[in-house]
Trainee: 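Here it is: the structure, laid out below.
Throughout, residue positions are numbered sequentially from 1 according to the sequence presented. As a basis for the values below, the full set of heavy atoms in this structure was taken, side chains included, without hydrogen atoms, waters or symmetry mates.
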Amino acid sequence: MADLILDFQFSSPIEKVWEALTESEMLSEWVMENDFKPVVGHTCQFWNEDIDLVVECEVLVVEKPYKLSYTWVGGPIDTIVTWTLKEENDKTYLYLEQTGFEEEGQAFNGAKYGWAYKVEELKKVLNEI
């Protein structure tokens, strides 16, 4: 098994970063269209019609504003995404862990590239670029 681990840093307050991770409208600006709700047990989808991709999710953990976890199942990927947030010295630190990859192969590398790209979009949503 292989786990994807990425760290990011923002100058936005933790509450604003949390909103971008949990509010459906904000998520659609930087991830994909979705029907996400930060409620444990909620099942939802993220979708991108342009590339014919649908990701099935179930919310597993909501500890506002410090931890969010959900399943991420689509195409060859059947994983769990966990976001952990920490605020320190006027910075918000965002830690992403995506677990459940079979190996560090195409799906793993695609997710690694994809999340790095998506977080650049998140920075735009947070007005940090």
Side-chain angles (χ1 to χ4, degrees):
M1 290 295 229
D3 296 339
L4 175 61
I5 297 170
L6 299 170
D7 288 301
F8 308 100
Q9 179 180 315
F10 304 94
S11 57
S12 297
I14 194 170
E15 292 82 9
K16 188 173 180 184
V17 178
W18 177 261
E19 285 178 16
L21 292 174
T22 59
E23 290 187 7
S24 180
E25 283 186 32
M26 289 184 78
L27 279 166
S28 67
E29 291 181 43
W30 69 276
V31 181
M32 286 184 260
E33 293 294 319
N34 65 87
D35 59 353
F36 184 87
K37 292 180 185 169
V39 176
V40 172
H42 177 69
T43 57
C44 59
Q45 294 181 330
F46 286 81
W47 62 87
N48 182 328
E49 293 176 2
D50 293 339
I51 59 172
D52 195 29
L53 174 66
V54 175
V55 178
E56 303 285 341
C57 299
E58 179 181 351
V59 179
L60 304 173
V61 177
V62 178
E63 295 174 9
K64 182 180 180 179
Y66 302 107
K67 189 172 186 179
L68 176 68
S69 184
Y70 44 84
T71 60
W72 187 265
V73 181
I77 297 177
D78 184 350
T79 59
I80 295 175
V81 170
T82 302
W83 300 98
T84 306
L85 297 86
K86 180 174 77 170
E87 192 170 48
E88 195 173 277
N89 301 323
D90 296 326
K91 298 279 184 206
T92 298
Y93 297 92
L94 182 61
Y95 175 80
L96 167 65
E97 185 173 13
Q98 189 170 3
T99 59
F101 290 99
E102 299 272 327
E103 61 184 4
E104 287 190 27
Q106 184 177 358
F108 177 93
N109 289 320
K112 183 177 180 180
Y113 169 82
W115 284 122
Y117 171 78
K118 293 295 185 183
V119 170
E120 288 303 310
E121 296 299 304
L122 171 57
K123 288 180 178 180
K124 292 177 188 173
V125 170
L126 296 172
N127 298 316
E128 292 199 10
I129 290 183

Trainee: Excluding sequence neighbours, so at least two apart, what forms side-chain hydrogen bond (donor to acceptor under 3.5 Å, both in side chains) with Glu23?
Mentor: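 Partners of Glu23 by the side-chain hydrogen bond (donor to acceptor under 3.5 Å, both in side chains) criterion come out as none, since no residue qualifies.
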Trainee: If the condition is side-chain hydrogen bond (donor to acceptor under 3.5 Å, both in side chains), which residues does Thr84 pass it with, not counting sequence neighbours?
Mentor: none
Trainee: Hey, can you pull the donor-acceptor pairs under 3.5 Å for the side chains in residues 98-113, sequence neighbours left out?
Mentor:
residue : atom : partner : partner atom : Å
Gln98   : OE1  : Trp115  : NE1          : 2.7
Gln98   : NE2  : Thr79   : OG1          : 2.8
Asn109  : ND2  : Gly105  : O            : 3.1

Trainee: For a quick test of your reading: what N or O donor-acceptor pairs under 3.5 Å do the side chains of residues 4-17 make, sequence neighbours left out?
Mentor:
residue : atom : partner : partner atom : Å
Ser11   : OG   : Glu128  : OE2          : 3.4
Ser12   : OG   : Glu128  : OE2          : 2.5
Lys16   : NZ   : Leu126  : O            : 3.4

Trainee: Met32 versus Leu53: any side-chain heavy-atom pair under 4.5 Å?
Mentor: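 Answer yes - side chains close enough.
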Trainee: Sequence neighbours left out, what passes side-chain hydrogen bond (donor to acceptor under 3.5 Å, both in side chains) with Thr92? Give chain and number order.
Mentor: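 Result, side-chain hydrogen bond (donor to acceptor under 3.5 Å, both in side chains) vs Thr92: none returned.
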Trainee: Regarding Glu121 and Lys118, does a basic nitrogen lie under 4.0 Å from an acidic carboxylate oxygen?
Mentor: no
Trainee: Is Val61 isolated, or which residues cluster with it under the ILVMFWY side-chain rule of less than 4.5 Å, directly or via members?
Mentor: Leu60, Ile80
Trainee: With the side chain counted from C-beta on, respond yes when Leu94 and Leu122 share a heavy-atom pair under 4.5 Å apart, and no when they do not.
Mentor: yes
Trainee: Can you check whether Val125's main-chain N or O pairs, donor with acceptor, with Trp30's side chain at less than 3.5 Å?
Mentor: no
Trainee: Any pair with a residue in residues 32-57 that passes ring pair (Phe, Tyr, Trp, His ring centres under 6.0 Å), sequence neighbours left out, goes on the list, sorted by first then second residue, please.
Mentor: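 Qualifying pairs: Phe36-Tyr70, Phe46-Trp72.
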Trainee: Can you tell me which residue pairs pass the salt bridge (charged side-chain N to carboxylate O under 4.0 Å, His left out) test with a partner in residues 68-88, sequence neighbours excluded?
Mentor: Lys86-Glu88
Trainee: Measure the shortest side-chain to side-chain distance between Leu85 and Leu21 over non-hydrogen atoms and say whether it is less than 4.5 angstrom.
Mentor: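 A side-chain contact exists here, since the closest heavy-atom pair is under 4.5 Å.
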Trainee: Taking all non-hydrogen atoms of both residues into account, name the closest pair between Asn34 and Ser28 and its distance.
Mentor: ND2-N, 3.4 Å
Trainee: Do the non-hydrogen side-chain atoms of Thr71 and Glu56 ever get within less than 4.5 Å of each other?
Mentor: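 SC-SC contact between Thr71 and Glu56 ruled out.
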Trainee: List, by chain and number, the other hydrophobic cluster members for Tyr93, where Ile, Leu, Val, Met, Phe, Trp and Tyr join if side-chain heavy atoms come within less than 4.5 Å, directly or indirectly.
Mentor: none
Trainee: Is there a path of hydrophobic side-chain contacts, each under 4.5 Å between heavy atoms, that joins Ile51 and Leu27?
Mentor: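 Yes; Leu27 is reachable from Ile51 via cluster members.
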Trainee: Is the shortest heavy-atom distance from the side chain of Lys37 to the side chain of Val59 under 4.5 Å?
Mentor: no
Trainee: Check the hydrophobic clustering (I, L, V, M, F, W, Y; side-chain heavy atoms under 4.5 Å; chains of links allowed) and say if Tyr95 and Leu68 are grouped together.
Mentor: no
Trainee: For Asp35 versus Gln45, what's the shortest heavy-atom pair and its separation?
Mentor: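 Reported closest heavy-atom pair: OD1-N, 2.6 Å.
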Trainee: Side chain to side chain contact (heavy atoms under 4.5 Å, CB included) between Val62 and Val39: does it pass, once the steps are laid out?
Mentor: CA-CA 7 Å; Val62 178; Val39 176; 6.0 Å; no
